[in-house]
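Just so it is clear, the model here is predicted, and its values are computed rather than measured.
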There are 2 protein chains.
Amino acid sequence: MENRILKYLSNYTTITEDLEKAIYESAFFKSYKKGTVLLKEGDFSNECYFILEGCIRSYFLRDGEENTIEFYTEEQVVTPTNFGKPIPSPYYLECLEDTVVNVGNPTVEKEMFQKYPQLESLSRVIAEVILNKQQASFAGFKTSSPEERYLNLLKTRPDLLQRASQRQIASYLGIKPESLSRIRKRLMNK
Amino acid sequence: MENRILKYLSNYTTITEDLEKAIYESAFFKSYKKGTVLLKEGDFSNECYFILEGCIRSYFLRDGEENTIEFYTEEQVVTPTNFGKPIPSPYYLECLEDTVVNVGNPTVEKEMFQKYPQLESLSRVIAEVILNKQQASFAGFKTSSPEERYLNLLKTRPDLLQRASQRQIASYLGIKPESLSRIRKRLMNK
DNA sequence: ATTCCTTCTTAACTTAAGTCAATGTGGTGA
DNA sequence: TCACCACATTGACTTAAGTTAAGAAGGAAT
């Protein structure tokens with residue numbers, strides 16, 4: 001199991017044996033059942049996650065509606081906004097499936113960064129990569145129609161359509177469930 | 001002038017005197033005239049910028065149209081995607097005004113990070129803050145109408161409406177210039 | 001000053017998403 | 001098993017953005 005983290009990190013640099021061992025030893029796992037809420041809007045966040053199995057959704061409420069921000073799946077990192085800080089979370093985190101994660105906390109993170117500066121360097125690189133990816137998807141979102149966004153999702157993350165409800169997918173695409181339903185119908189007849 | 005960088009960085013941690021001196025000494029400035037293209041789509045990027053004065057816009061072409069990704073203004077950092085890597089840039093960078101920047105390059109960045117690990121740590125923190133901000137604006141974008149997005153821009157970055165053309169603003173808002181024109185008209189009569 | 005070009009605005013029309021409401025469907029729990 | 005509830009689909013209607021086209025306004029260059 002732990003290999004997945006090392007595999008993930010080694011996409012970015014070569015990991016020293018020393019660091020590999022440390023990651024191994026500090027690894028701390030948890031399992032959650034489908035539907036578990038990991039973090040509530042307004043609460044303080046003291047955990048971050050690396051997903052080994054399952055799916056986590058972030059969302060917030062507006063006018064009573066759930067607005068999906070992001071879906072996180074295998075080999076993705078979930079670092080909540082304000083992780084480790086006494087500032088309320090702007091969103092919920094919820095498991096859409098039974099989910100197995102590697103859990104981190106601010107204290108261990110700090111210790112690890114101090115002991116292995118290479119790890120913090122790696123974190124910087126990864127944060128920048130994720131930032132650029134997110135900027136690219138934001139740009140893609142802005143320049144495409146709801147239908148194009150749906151088709152793009154179908155192409156890039158088809159698994160999500162099995163894992164999440166259509167309401168959740170619709171809000172992720174920035175549209176109403178009725179519209180998604182119509183888009184799907186429209187595409188069926190093509 | 002250099003103070004602005006230190007001021008910016010000190011928003012996140014206290015800067016050691018040592019580091020302060022190093023930043024001071026490594027500071028390298030450039031001025032560009034309005035309209036200067038700093039980076040072309042497809043080119044390699046070897047510079048990053050901290051804006052002291054002026055405005056930089058990132059955009060890409062699609063069907064001959066310019067799609068604005070972001071506007072960067074005073075005290076913002078512009079680190080191009082693939083900065084320092086032999087991978088083509090996905091977008092243009094252009095000065096909307098006469099612009100004064102502090103310029104960085106991959107070599108100096110690397111040296112500074114090696115010499116001052118605190119600086120790389122700071123960069124990680126800043127990257128994460130920017131990432132969260134961007135995620136929040138993406139979420140806001142998805143859940144609001146073009147009119148709401150315009151009103152939000154008016155509230156959060158009113159200066160941009162003076163600095164950029166309406167076409168540029170419109171593409172930034174993910175709409176057509178005609179629509180922006182109508183939205184403005186609509187709001188006039190309220 | 002004139003020309004040329006781009007931007008901005010306006011209008012008429014098309015298209016698709018939002019809204020509201022009704023119905024069908026599937027899963028959960030008592 | 002049944003009742004209930006959230007989800008998904010469909011239809012009728014409203015609304016606003018996209019499209020196309022034309023004209024007005026402002027700037028830059030000659």
Interface limits on DNA chain D, where chain A has a heavy atom under 4.0 Å of a nucleotide atom: dC7(D) to dA12(D)
Drop me the distance from [X]'s [atom1] to [Y]'s [atom2], to the nearest 0.5 angstrom.
| X | Y | atom1 | atom2 | result |
| --- | --- | --- | --- | --- |
| E97(A) | I51(A) | CD | CD1 | 9.5 Å |
| R157(B) | I169(B) | CZ | CD1 | 9.0 Å |
| Y116(B) | I15(B) | OH | CD1 | 12.0 Å |
| L153(B) | F71(B) | CG | CZ | 8.0 Å |

Among residues 175-183 of chain A, which ones have heavy-atom contacts with DNA chain D below 4.0 Å?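 Per residue number, the list reads E178(A), S181(A), R182(A).
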Name every residue in residues 151-159 of chain B that has at least one heavy atom under 4.0 Å from any atom of DNA chain D, in order of residue number, or write none if there are no such residues.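 Of all residues in residues 151-159 of chain B, none places a heavy atom under 4.0 Å from DNA chain D.
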How close or far is atom [atom2] of [N] from atom [atom1] of [X], stated in whole angstroms?
| X | N | atom1 | atom2 | value |
| --- | --- | --- | --- | --- |
| E65(A) | dC20(C) | CD | P | 11 Å |
| L96(B) | dT6(C) | CG | C1' | 16 Å |
| R184(B) | dT7(C) | CZ | P | 15 Å |
| K142(B) | dA17(C) | NZ | P | 16 Å |
| R167(B) | dT9(C) | CZ | P | 11 Å |
| L161(B) | dC8(C) | CG | P | 11 Å |

Decide whether [X] and [Y] meet the rule of one side-chain donor and one side-chain acceptor closer than 3.5 Å.
| X | Y | result |
| --- | --- | --- |
| Y172(A) | E70(A) | yes |
| S123(B) | R124(A) | no |
| S121(A) | E120(B) | yes |
| T81(A) | Y91(A) | yes |

What one-letter contact string describes nucleotides 23-30 of chain C from 5' to 3', where B marks a base within less than 4.0 Å of any protein heavy atom, S marks contact via sugar-phosphate atoms alone, and - marks no contact? --------
Is L9(A) linked to L52(A) within one hydrophobic cluster, defined over Ile, Leu, Val, Met, Phe, Trp and Tyr using a side-chain heavy-atom separation of less than 4.5 Å?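 Cluster IDs for L9(A) and L52(A) match.
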Taking I183(A) as the starting point, is it possible to reach L160(A) by hopping between hydrophobic residues whose side chains are less than 4.5 Å apart?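 Linked within one cluster.
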Run the side-chain contact (heavy atoms from CB on, under 4.5 Å) check on E66(A) and Y92(A) step by step: do they pass? CA-CA 10 Å; E66(A) 293 183 2; Y92(A) 291 83; over 6 Å; no
Quick check on the helix from dA1(C)-dT30(D) to dA30(C)-dT1(D): what's the angle between its two end axes, five base pairs per end, to the nearest 10°?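 Between the axes fitted at each end of the helix from dA1(C)-dT30(D) to dA30(C)-dT1(D) lies an angle of 50°.
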Between E53(B) and E74(B), is there a side-chain heavy-atom distance shorter than 4.5 Å?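 A side-chain contact exists here, since the closest heavy-atom pair is under 4.5 Å.
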Quick check: do V78(A) and L93(A) have side-chain heavy atoms less than 4.5 Å from each other? yes
Donor-acceptor contact below 3.5 Å, side chain E65(A) vs main chain R62(A):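 Pair absent, no side-chain N/O of E65(A) close to backbone of R62(A).
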For dT6(C), take OP1 and OP2 only and decide whether either is under 4.0 Å from a side-chain N or O of Q166(B).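 Q166(B) to dT6(C) OP1/OP2: no side-chain N or O under 4.0 Å.
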First of P146(B) and K34(B) reached from the 5' end of DNA chain D, by closest nucleotide: P146(B)
List the atom pairs, donor and acceptor, that lie under 3.5 Å between side-chain atoms in residues 29-40 of chain B and the rest of the protein, sequence neighbours left out.
unit_1: K30(B); atom_1: NZ; unit_2: E47(B); atom_2: OE2; d: 2.9
unit_1: T36(B); atom_1: OG1; unit_2: K33(B); atom_2: N; d: 3.3
unit_1: T36(B); atom_1: OG1; unit_2: K33(B); atom_2: O; d: 2.5

When you measure from the centre of the six-membered ring of Y150(B), is the NZ or CZ of R184(B) closer than 6.0 Å and no more than 45° off the axis?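 No - R184(B) does not lie over the ring of Y150(B) by the 6.0 Å and 45° rule.
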